[in-house]
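Here the structure is laid out as structure tokens; the discussion comes afterwards.
So that the names make sense, note that chain A is the first sequence line, chain B the second, and so on, each numbered from 1.
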Protein chains: 2
Amino acid sequence: MATIRDVSRESGLSTGTISKALSTPEKVSPKNLARVEAAIKKLNYKPNMLSQKFRKKTSNTIVVLVPDIANLFFAKVISGIETVAQKEGFSVLLGDTKDSIEREKEFVSMVETKLADGIINLRPYKDGDALLPKEGIISVNASSCENTPGATVRIDNVQASQKVVEYLISLGHKRIGVISGLADNPHTVDRLKGYKKALSNFDIEYDADLIVEGDFNYWSGLSAAETFTRMADIPTAVFCMNDQMAIAAMKGFTDKGLKVPDDMSVTGFDDMNVSRYCTPTLTTVAQPAEKIGEKSAELLFELLSGIKPKVTEHILPYEFVIRESTSAPK
Amino acid sequence: MATIRDVSRESGLSTGTISKALSTPEKVSPKNLARVEAAIKKLNYKPNMLSQKFRKKTSNTIVVLVPDIANLFFAKVISGIETVAQKEGFSVLLGDTKDSIEREKEFVSMVETKLADGIINLRPYKDGDALLPKEGIISVNASSCENTPGATVRIDNVQASQKVVEYLISLGHKRIGVISGLADNPHTVDRLKGYKKALSNFDIEYDADLIVEGDFNYWSGLSAAETFTRMADIPTAVFCMNDQMAIAAMKGFTDKGLKVPDDMSVTGFDDMNVSRYCTPTLTTVAQPAEKIGEKSAELLFELLSGIKPKVTEHILPYEFVIRESTSAPK
DNA sequence: CTGTTAGCGCCTTCAT
DNA sequence: ATGAAGGCGCTAACAG
């Protein structure tokens, strides 16, 4: 493998000149530039970026910490991050933690060992078991919840949930079930808060029996739907905390002979691509996943460049999308 | 930032000893080991991995080239890759090319510039515009098609497609439509081949009018379904080349008043999670996406370690899953 | 504009 | 088992 020294020898110029020819060609005479190029081509020289990074003490790499990359929402956020990172000349290291705190630690330590310059964390912040934010580690929390410390990008989960539930109420629903995420998940907490606000705004009493705990995966939505159908006083609508559970719930209700939306209105959260193509199409909250990724990356690069950003908590707009899965109760 | 030299000074030991204490502690006396540890803790020393990699001339990083990470199938493959990579102590750099050949080039050059040791390519190989395989660059093509050169991991697309179509024929269908991917996509080519084989096995004449071109995205499935409903002689079943188009097609048919599967059988390809929760549930080919990722990574690491693997073309088993979207024609 | 020089932080012989 | 010394490939002063 040819090194810069080989190019120097071949071209009869010093390594310093070669280096400059590569980084700031306008500061090298055209004649010499041509000689450098010729030598590079002849030797098929490729600069050793590892050496460059070492020398410059910067990896130009960020790590994206993600609980599970096979979750479409996260994948979209990452896509947004990638777009911005490439524009800035950064690489993104994938930190699929598979929900293991051990793996998460390893990835965090990558910035301590210079392998990465900063971190974007897609795992919602939870008091107590959070590795980030951490002193000396530049990070952004993407898709966070209320009261997340440090730099964050998110939508207003409380408000969005409230809006969904108030819409159901406006249709005439009074008994509205919830398929939640795990009870201690911060998104669950925020979205439940919005649900309660909506009820209280319209003087509907909160009934804890109407909250069925899921885990954001399909299966739990199906199972929760069955739970509802076994209730003595079945609700007329169900607010699901993500689209996956909502789609599975629609199936669960359909299987038990309930028509959606005639017998049961169902709403989701996220607006995955499939939600406008399933049957019936899903009323849901559209999260700007790619935008969240882009904004997070932009914020991280601001932080990385040393400027203190004016705003460190970005609350992005969401959209409430009404489709076929909701209607007035019979 | 403390360096190894600081630890050396603090502990009164040479840098060589510190280095050894970190890499092969069993070769350092317990007494000195303790002193090293004390010094490290006192100074909060973290080895500079950038320097380490530079010195060792290996990045311990692989790049995963993916046309679009917000595609669930790819995301799952990546998840499998990550699992194996972490076990091997490698990082994975995300190469979301967003279908741009320029970006792809950049990522490929990362191994030439030592930023990565090898590449796993999720883009199907197409004669003519393929950057990989390439001399001097260790790579594996994951989820490839027939006749892909170099190291590959895939399922037998032709056989799987044939099986699906023969199943439809066995149900009594004779006029079977296809919603394909883009015509020049290698997966389209392989799967169409299987479709034709099935027809010819059962002496059904191939009718090019029954092939409607899609692009593997939802929208094209919906649009193709509408095309079918406008045909004079509507088919009784449609073989879709992925689940996304199949789910959208089911919606398209339903919207036009056709019942699935009573009036129209629909099959997919991939078996995304949603396919067992949509309504009706989808008959499809289950690709072992995570396994494909794991196998690809294992193969790459074999290649990287310098051993010539006995097998460089891995054909993984798929599963044909029969669900509710198919039945005998009326 | 170009050449010289001195390291970046670490690992690895090679002695001891 | 430990220490001394050299150098990986590159960039960044600094001189000229």
Side-chain angles (χ1 to χ4, degrees), chain A residues 1-40 42-61 89 109-117, chain B residues 1-40 42-61 89 109-117:
Chain A
M1 202 78 259
T3 73
I4 201 171
R5 209 121 35 195
D6 298 321
V7 179
S8 157
R9 214 173 300 128
E10 175 71 29
S11 63
L13 297 160
S14 75
T15 60
T17 304
I18 312 300
S19 178
K20 224 166 297 177
L22 258 25
S23 56
T24 49
E26 68 278 9
K27 293 192 169 179
V28 171
S29 72
K31 244 166 264 188
N32 284 340
L33 208 54
R35 288 167 63 193
V36 172
E37 274 165 15
I40 286 179
K42 177 167 179 196
L43 301 173
N44 189 30
Y45 165 74
K46 310 274 179 191
N48 182 330
M49 302 286 282
L50 233 37
S51 171
Q52 232 170 274
K53 285 173 186 238
F54 163 58
R55 181 57 230 259
K56 293 200 174 173
K57 295 173 183 308
T58 168
S59 62
N60 269 40
T61 300
S109 85
M110 282 187 167
V111 357
E112 297 178 317
T113 60
K114 310 286 184 203
L115 279 189
D117 301 328
Chain B
M1 202 80 259
T3 74
I4 202 172
R5 211 126 28 200
D6 297 321
V7 178
S8 159
R9 215 172 298 128
E10 175 71 28
S11 63
L13 267 15
S14 76
T15 60
T17 304
I18 312 299
S19 179
K20 223 168 297 177
L22 257 23
S23 56
T24 50
E26 69 277 10
K27 292 192 171 179
V28 171
S29 73
K31 241 166 269 186
N32 284 342
L33 208 55
R35 287 167 62 193
V36 172
E37 274 164 14
I40 286 179
K42 177 167 177 195
L43 300 173
N44 189 30
Y45 165 74
K46 310 274 180 191
N48 182 329
M49 302 285 283
L50 232 38
S51 170
Q52 231 169 274
K53 284 173 186 238
F54 163 58
R55 179 57 231 259
K56 293 197 170 173
K57 297 173 182 308
T58 167
S59 64
N60 269 39
T61 300
S109 86
M110 282 187 168
V111 358
E112 297 178 318
T113 59
K114 309 287 185 203
L115 279 189
D117 300 329

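The interatomic distance linking Leu50(B) (CG) with dG9(D) (C1') rounds to 13 Å, in whole Å. Met49(B) places its CE atom 17 Å from the C1' atom of dC8(C), with the value rounded to the nearest Å. As rounded to whole Å, 17 Å separates atom P of dC10(D) from atom NZ of Lys57(A). As a whole-Å value, the separation of Phe54(A) CZ from dG9(C) P is 6 Å. In this structure, the CG atom of Asp6(B) is 13 Å from the C1' atom of dC8(C), given to the nearest Å. The interatomic distance linking Lys56(A) (NZ) with dG9(D) (C1') rounds to 13 Å, in whole Å. To the nearest angstrom, P of dG3(D) lies 12 Å from CD1 of Ile4(B). One interatomic measurement links the two molecules: CG of Asn48(A) to C1' of dG7(D), which rounds to 14 Å at whole-angstrom precision.
Sorted by first and then second residue, the side-chain hydrogen bond (donor to acceptor under 3.5 Å, both in side chains) pairs with a member in residues 14-24 of chain B read Ser14(B)-Thr17(B); sequence neighbours excluded. For residues 44-58 of chain B, the set of pairs meeting the salt bridge (Lys or Arg N to Asp or Glu O under 4.0 Å) definition, not counting sequence neighbours, comprises Glu112(A)-Lys46(B).
Side-chain N/O atoms of Gln52(A) include one lying less than 4.0 angstrom from OP1 or OP2 on dT11(D).
The listed nucleotides are dG3(D), dT5(C), dC11(C); the one nearest the side chain of Ser14(B) is dG3(D).
Checked against side chain to side chain contact (heavy atoms under 4.5 Å, CB included), Met110(A) has the following partners two or more places apart in sequence or in another chain: Leu93(A), Phe107(A), Leu115(A), Ser91(B). Judged as a side-chain hydrogen bond (donor to acceptor under 3.5 Å, both in side chains), and not counting sequence neighbours, the contacts of Asp117(B) are Thr58(B), Ser59(B). Under the side-chain hydrogen bond (donor to acceptor under 3.5 Å, both in side chains) criterion, Lys27(A) pairs with no residue at all, not counting sequence neighbours.
Within 4.0 Å (heavy atoms only), Leu13(A) reaches sugar-phosphate atoms of the nucleic acid but no base atom.
For the contact set between residues 16-25 of chain B and DNA chain D, defined by any heavy atom under 4.0 Å, the members are Thr17(B), Lys20(B).
Mapped onto DNA chain D by nearest heavy atom, Ser29(B) and Arg55(B) fall at different nucleotides, with Ser29(B) at the one closer to the 5' end. Nucleotides of DNA chain C nearest to Lys31(A) and Thr15(A) differ in position, and the one nearer the 5' end is that of Lys31(A).
Using a 4.5 Å cut-off on side-chain heavy atoms (C-beta onward), Leu22(B) and Ile40(B) make contact.
Here the options are Arg5(B), Arg35(B), Lys42(B), the test is side chain to side chain donor-acceptor pair (under 3.5 Å), and the partner is Glu10(B); only Lys42(B) passes.
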